[in-house]
Amino acid sequence: WEVQPVTRATRKVNGLVEYVDVADKGDETISVKVAGEQVYIKINDPLLLRAMQNTFKAETSDAERFLANTLGTYTSLLRNTITRYNPAFGIINAVRDSQMGAAGVFDALGAEGLRRYAMNYGQAVAASGRVEFGRTDHQTHRMDKWMREMRFAGGTTGGVFMRDHETIRAELRDAMLQAGAKPNGVIEGIRSSKAWWATGKLLHGLELIGSMSENSARLAAYATAREMGKTPAQAASIAKNLTVNFNRFGEQGQLINTAYLFYNASVQGSVRIFQMAKNPKVRYAMAGMAAAGFGLAMMAAAVGGDDEDGQPYWDKIPDFEKERNLIIMLPPGMDIGEKVGTHGRYIKIPMAYGLNVFPVLGYQLADLARNASDPSKGISVAKAAINMVSAVAGSYNPAGGSLDPRDKVQLAMAVSPTIVDAGIQMGAGVDSFGKPTGPQKSPYDKRPDSENVSAQNHGNVNHRIARWINEVTGGNAARSGAIDIEPGTLKNMQGIVGGGLGKFIGDVVNLGYLGVMDAPIQPRDIPIYKAFYGEYDAKSGMSLFYERSKKALEEFDDMKSEQKLGIKRDYSDDEKFLQSMGAYAKNISEFTGKLKQQEVHVSESNSTPKEKDMKRRMIQRQREKMAEAFNAKWYEKESKLKKTGS
């Protein structure tokens with residue numbers, strides 16, 4: 001690009017002489033004002049010209065406007081509640097952004113840059129906090145000086161430090177309403193209330209925390225680049241493109257981002273990984289991450305210990321946990337500030353999307369090696385391939401979401417617009433990861449869906465709401481009303497409607513309920529903490545039982561249907577294994593149906609809440625023992641099948 005020379009000429013208008021600026025203005029020229037003076041810039045790069053012209057595009061089609069005002073409203077709300085207004089997001093995202101930032105700095109500035117970035121990061125977090133809360137001191141803190149320079153150099157993204165005139169107008173009007181201005185209409189009446197003001201302050205505070213995590217990595221990278229001799233423009237480019245440049249969109253990016261949550265961030269994140277992978281040193285680092293994953297998996301299997309059924313705890317950690325986190329298994333009995341039993345316990349370090357694929361690859365290679373030496377351990381080649389497909393899809397699928405290619409529901413959600421995902425989840429009774437939102441219902445359990453709840457969650461807020469909805473629409477404890485919803489579905493709706501903030505509030509309410517009921521609180525019940533620490537417990541065993549028994553029952557029922565129709569076929573060893581376990585699962589289903597009836601009697605008894613809770617725990621323990629026995633039998637039979645092939 002180049003600035004066009006401007007010459008001043010005169011002309012007569014109505015007998016008066018006035019000066020006019022004359023410049024070579026063609027289709028490739030754009031104009032801006034600098035200090036009040038008109039400046040004409042000729043763009044020589046056709047792609048840059050196309051992008052700049054679209055920046056000034058004012059026309060919006062009727063279709064785009066309709067989608068923005070309908071579907072866009074929902075996706076924007078969901079996006080904000082997951083990120084800006086979610087207390088847990090700022091902390092978890094800071095961990096992920098610091099990793100992506102480290103990779104970007106290593107790509108742009110090498111090993112020395114990475115060392116300096118790590119040293120600068122802590123000060124960058126503090127400086128970002130001071131900026132967000134208006135307490136900067138450019139004279140005392142060097143990082144505040146770098147932040148000020150980075151802002152003016154254009155190193156920030158997403159319009160963090162600027163607002164459009166509509167936002168400014170709305171904020172001024174809110175200030176007037178809070179100061180006593182007369183509201184115009186119902187909406188302004190709500191906006192003038194103290195509750196609205198307090199909610200706005202709370203959300204603004206949460207937004208500041210999110211902005212801190214967003215800017216910390218960029219500031220640390222900017223300061224590092226400047227210290228290593230880069231110009232402000234070069235350092236700003238490194239900082240702005242460190243992770244996701246939220247100012248960058250494709251020509252249809254806004255429209256697609258309306259349909260698919262985080263589409264723009266996903267595409268840019270994937271491109272950034274591929275750009276970094278062009279650097280041989282970064283490729284070596286990625287291989288090192290895979291090697292680290294391999295080592296951690298081997299160590300976890302060795303030191304994590306085995307469950308009572310003989311299966312290593314490492315093999316029982318859910319795949320979705322391994323897919324998104326760096327897992328450090330704790331040895332049995334290792335104390336981390338609480339009384340420790342023998343359950344498998346592990347520390348989780350959230351991994352940046354895209355980079356997480358490499359440790360996951362290491363996990364799969366380690367488990368394949370273990371399986372080769374002992375078929376009862378680790379995973380098969382087919383399972384490893386499925387895990388990798390899920391990890392790659394979860395990180396690089398622009399439509400969003402990991403998937404098990406064998407699961408039709410997950411496949412549908414992986415390609416559907418965000419708002420369609422909500423309908424799929426509601427209809428299939430699954431969450432955003434494709435996992436069932438409630439316990440597997442026995443075919444012998446004829447009670448309404450509103451009563452399909454685990455003993456641990458029996459009587460909680462979601463259960464009471466589901467029961468109330470069923471009753472007011474004509475149902476009762478034995479009959480479904482016009483609207484009969486599982487409590488787990490209501491819990492999932494908190495995420496569908498309220499996003500990350502909705503889930504966080506639900507977790508806080510549930511934690512308070514457990515405290516009031518004096519019920520045992522597990523790490524999985526504690527918001528934020530559960531993102532960094534996990535353990536295999538009875539609930540994990542129940543989840544594993546539900547997953548396995550579902551597959552076994554499906555195969556068992558298919559076999560029975562074939563027998564009734566007189567269809568004869570040679571079943572594979574895997575099918576025979578599932579059929580035998582399906583018969584076992586059928587017996588358990590019959591018994592769990594009776595346990596459900598016992599829970600109904602407990603719920604309707606005149607016992608005190610604590611007595612009811614104690615009885616429910618006893619019933620739940622029976623259910624857990626059956627699940628433990630089933631899982632042990634599964635592992636025993638599966639190990640024998642793998643070793644002998646029969």
Close side-chain approach of D525 to K530, heavy-atom, < 4.5 Å: no
Atom pair CG (D449) and CD1 (I485), whose distance is rounded to the nearest 0.5 Å: 9.5 Å
Closest heavy-atom pair and its distance - V357, A391: CG2-O, 4.0 Å
Donor-acceptor check, side chain of S561 to backbone of D557, threshold 3.5 angstrom: yes or no? yes
Kindly state each residue pair satisfying ring-ring contact (aromatic ring centres under 6.0 Å, His included) with at least one member in residues 550-578, sequence neighbours excluded. F577-W634
side-chain contact (heavy atoms from CB on, under 4.5 Å) between K637 and L641, intermediate numbers included: CA-CA 6 Å; K637 282 179 168 286; L641 175 64; over 6 Å; no
With side chains defined as the heavy atoms from C-beta onward, is the minimum distance between I424 and S416 less than 4.5 Å? yes
Indicate yes or no: at least one non-hydrogen side-chain atom of L261 is less than 4.5 angstrom from one of I82. yes
Could I get the full list of salt bridge (charged side-chain N to carboxylate O under 4.0 Å, His left out) partners for E554, not counting sequence neighbours? none
E575 (side chain) donor-acceptor with S572 (main chain) under 3.5 angstrom: yes
Within-4.5 Å side-chain heavy-atom neighbours: L361 and M388: yes
Of all heavy-atom pairs between K491 and N462, which one has the smallest distance, and what is that distance? CB-ND2, 3.5 Å
Applying side chain to side chain contact (heavy atoms under 4.5 Å, CB included), can you list everything that pairs with I273, at least two apart in sequence or on another chain? M100, M276, M286, L355, Y396
Tell me if the CE atom of M298 is crowded by more than 12 foreign heavy atoms within 6.0 Å. yes
Sub-4.5 Å side-chain heavy-atom contact between M289 and Q99: no
Assess the residue pair F532 and I92 against the criterion (side-chain contact (heavy atoms from CB on, under 4.5 Å)); give the C-alpha distance rounded to whole Å, side-chain angles, the decisive distance to 0.1 Å, and a yes or no. CA-CA 9 Å; F532 298 93; I92 298 171; 4.2 Å; yes
Where A552 and M581 come nearest, the two heavy atoms and their spacing: CB-C, 3.8 Å
Would you say the side chains of R345 and Y313 form a donor-acceptor pair under 3.5 Å? no
Shortest non-hydrogen pair, N356 vs R324, comes out as ND2-CA, 4.5 Å
Sub-3.5 Å donor-acceptor pair from the side chain of N93 to the main-chain atoms of F89, do we have one? no
Using a 4.5 Å cut-off on heavy atoms from C-beta on, say whether the side chain of I327 contacts that of L296. no
Side chain to side chain contact (heavy atoms under 4.5 Å, CB included) partners of P527, counting only residues at least two apart: F504, D507, V508, L511
Output all residues satisfying side chain to side chain contact (heavy atoms under 4.5 Å, CB included) with P375, sequence neighbours left out; order by chain, then residue number. K642, K643
Tell me whether T473 contacts the main-chain N or O of G481 through its side chain, where contact means a donor paired with an acceptor under 3.5 Å. no
Tell me, please, which residues at least two apart from D374 pass salt bridge (charged side-chain N to carboxylate O under 4.0 Å, His left out). none
With a 4.5 Å limit on heavy-atom distance, are the side chains of K560 and Q563 in contact? yes
Sub-3.5 Å donor-acceptor pair from the side chain of S549 to the main-chain atoms of F545, do we have one? yes
Who passes salt bridge (charged side-chain N to carboxylate O under 4.0 Å, His left out) against R370, sequence neighbours left out? D315, D367
What I'd like to find out is whether the side chain of I419 reaches to under 4.5 Å of the side chain of T75, using heavy atoms alone. no
Quick one: list whatever passes side chain to side chain contact (heavy atoms under 4.5 Å, CB included) with S380, sequence neighbours left out. A382, K383
Where is the tightest heavy-atom contact between I528 and A88, given as atom of each residue plus distance? CG1-CB, 3.8 Å
Which distance, rounded to the nearest 0.5 Å, do you find between the CG of D558 and the CD of E555? 6.0 Å
Tell me, which pairs form a ring-ring contact (aromatic ring centres under 6.0 Å, His included) where one or both residues lie in residues 348-381, sequence neighbours left out? W314-Y363
Are V360 and K322 close enough, and set up right, to give a side-chain contact (heavy atoms from CB on, under 4.5 Å), and what steps lead you there? CA-CA 7 Å; V360 170; K322 296 178 180 178; 5.9 Å; no
Restricting to non-hydrogen atoms, name the atom on G304 and the atom on M329 that form the minimum distance, rounded to 0.1 Å. CA-CG, 3.6 Å
Where the side chain of S395 meets the backbone of V392, is there a donor-acceptor pair that is under 3.5 Å apart? no
Suppose the criterion is salt bridge (charged side-chain N to carboxylate O under 4.0 Å, His left out): which pairs have a residue in residues 349-365, not counting sequence neighbours? none
M626 vs N587, test: side-chain contact (heavy atoms from CB on, under 4.5 Å). Steps then yes/no. CA-CA 10 Å; M626 287 189 298; N587 293 331; over 6 Å; no
Taking only residues two or more places apart in sequence, or in another chain, which ones meet E636 in a salt bridge (charged side-chain N to carboxylate O under 4.0 Å, His left out)? K633
Applying side chain to side chain donor-acceptor pair (under 3.5 Å), name anything that partners S480, two or more places apart in sequence or on another chain. D484
